[in-house]
Amino acid sequence: MSDHQPRRTPTPGRARKRAIREHAAQAGVAYSVAARDLESVGLRPGETLATYGRTIHPIGFDPHRQLLVERRERRSFEERVSDTRRAAVLPHGRAQHLAERFPPSRGRTGSGVGALYHGEGRVELLAMVYVVIAAESPGLLPEVGDLVWIAELGEDTALDTACAEVDREARRVLGREPLALWSVIEAALAVAEHTADWQIRQEAIRQAALLRTMMTPRIGYAGEPYVPGLPVAGVRQILDALLIVADDGHAPGTRVRLRRHPDDVGLATIIEATWGSSGPPVGYLVWPDAATAPQSARADDLIVLADQESIPRWTRARLSRLAEAAEPVRPRGGRPLAAARRAVGAPGVYEVARQ
């Protein structure tokens with residue numbers, strides 16, 4: 001009698017069902033929705049529609065940036081608290097925090113995409129935009145006492161929740177044309193120089209002097225005068241990545257495939273997000289490989305390639321739990337408060353913050 005075991009007969013559709021389950025888990029959608037996606041779009045293993053999921057730190061082609069991101073994820077609790085204390089100081093402290101949190105990168109060689117999250121004066125421009133908001137919409141600024149209290153958690157996501165409205169407004173302000181943005185910043189700084197808030201006033205005086213320096217023409221190598229301009233694109237990309245942490249979406253630098261191009265001809269790189277009044281991006285500005293100009297695309301017209309996120313899966317899960325625990329609440333007759341106060345009392349959240 002032979003000990004040979006007969007081969008198991010493959011169950012029809014097993015591979016398809018496994019692919020549907022994997023897509024449902026990765027995109028965070030129901031099994032039936034994932035099945036329709038796979039059938040209608042023709043997703044490859046690991047791919048998702050750009051309307052689902054989250055890519056905060058895309059796999060890039062700059063090893064130094066990757067090193068900075070990984071080093072940041074390994075910070076001790078004391079280092080995180082020190083960083084969030086600085087990030088709680090508006091405007092300059094938070095601007096510096098965000099510029100370091102999303103360091104410069106570059107696109108894939110041959111893709112036509114150059115520098116990302118880049119530009120001299122990113123911190124200064126972002127601080128100026130926060131001053132603009134303080135002058136135009138002071139009610140959006142979170143309470144200083146709340147920020148100081150939340151900063152002791154040592155968690156970026158809790159502080160992001162407290163600053164969600166002012167950060168989204170900063171992204172909206174940067175959506176203006178550069179020339180119009182210059183005028184808006186100059187007028188807002190002039191108003192902020194006389195505000196009652198001494199911290200905003202001192203920062204406005206410093207930023208006004210810096211803006212005049214940035215607007216002063218310089219002499220180029222060919223002897224021609226030029227004005228460097230503001231690093232608007234780089235700061236937009238920083239805020240895009242920041243807002244995606246809480247609202248989902250895919251940060252600049254994420255590699256995608258255009259749905260109307262089923263082959264590799266349709267590969268592109270996200271360089272900017274298009275935002276609505278709330279929620280995740282409604283569209284993206286993408287740069288197709290070897291193209292000479294970017295083009296706009298709706299989120300459901302893009303397919304995110306597999307394995308685009310660079311930070312470990314366990315870190316993404318921790319960020320998601322903390323973001324959910326710090327969901328903002330709106331008390332009666334008041335402005336929204338960061339419910340990170342509740343996060344401390346939630347079981348396990350503070351312990352997770354100390355890991």
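Model, not experiment: these values are computed from the prediction.
Leu116 is listed as a side-chain neighbour of Ile271, based on a closest heavy-atom distance under 4.5 Å. Under the 4.5 Å side-chain criterion, counting only non-hydrogen atoms from C-beta, Leu242 is in contact with Leu98. At a threshold of 4.5 Å between non-hydrogen side-chain atoms, the residues Val282 and Arg298 do not count as touching. Residues Arg72 and Val69 are not in side-chain contact: their nearest non-hydrogen atoms beyond the backbone lie 4.5 Å or more apart. Contact of the Tyr52 side chain with the Val33 side chain is registered, since non-hydrogen atoms from C-beta on lie closer than 4.5 Å. For the pair His194/Arg201, no side-chain contact is recorded, criterion being any heavy-atom separation below 4.5 Å from C-beta on. Within the 4.5 Å cutoff, the side chain of Leu49 has no heavy atoms near those of the Leu302 side chain. Residues Val304 and Arg257 fail the side-chain proximity criterion, which asks for heavy atoms closer than 4.5 Å.
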Name each donor-acceptor pair under 3.5 Å that joins a side chain in residues 174-190 to protein atoms two or more places apart or in another chain, with its distance.
none

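Hydrophobic clustering of Ile, Leu, Val, Met, Phe, Trp and Tyr side chains at less than 4.5 Å, counting indirect connections, keeps Ile133 apart from Val123. Note on Leu125 and Val89: separate hydrophobic clusters, where clusters join Ile, Leu, Val, Met, Phe, Trp and Tyr whose side-chain heavy atoms are under 4.5 Å apart, directly or indirectly.
Between Pro91 and Tyr130, the closest heavy-atom pair is CB-CB, 3.5 Å. Residues Tyr284 and Ala299 share a closest heavy-atom pair of CE1-CB, 4.0 Å. Across every non-hydrogen atom of Leu147 and Ala162, the tightest pair is CD2-CB, 3.8 Å.
In this structure, Tyr117 contributes its side chain and Pro252 its backbone to a donor-acceptor pair below 3.5 Å. For Thr84 (side chain) and Arg80 (main-chain N/O), a donor-acceptor pair under 3.5 Å exists by modelled atom type. Between the Arg65 side chain and the Asp62 main chain, no donor and acceptor come within less than 3.5 Å of each other. No side-chain donor-acceptor contact under 3.5 Å links Asp240 to the backbone of Glu272.
Ser296 pairs in a side chain to side chain contact (heavy atoms under 4.5 Å, CB included) with only one of the listed residues (Leu285, Thr274, Asp301, Val286), which is Leu285.
With salt bridges taken as basic N to acidic carboxylate O contacts below 4.0 Å, none links Arg172 and Asp167.
To the nearest 0.5 Å, the span separating CG on Leu159 from CD on Glu152 amounts to 11.0 Å. Between atom NE2 of residue His64 and atom CZ of residue Arg106 there is a gap of 10.5 Å, rounded to the nearest 0.5 Å.
With hydrogens and angles left out, the side-chain atoms of His92 and Arg206 include a donor and acceptor closer than 3.5 Å.
The side chain to side chain donor-acceptor pair (under 3.5 Å) pairs that include a residue from residues 245-256 are Arg54-Asp248, Thr55-His250, Arg168-Asp247, Arg255-Thr269, Arg255-Asp289, where partners are two or more places apart or lie in different chains.
In this structure, the ring of His57 has its center less than 6.0 angstrom from the ring center of Phe102.
For Glu70, the CD atom sits in a packed shell: over 12 heavy atoms of surrounding residues, nucleotides or ligands are nearer than 6.0 Å.
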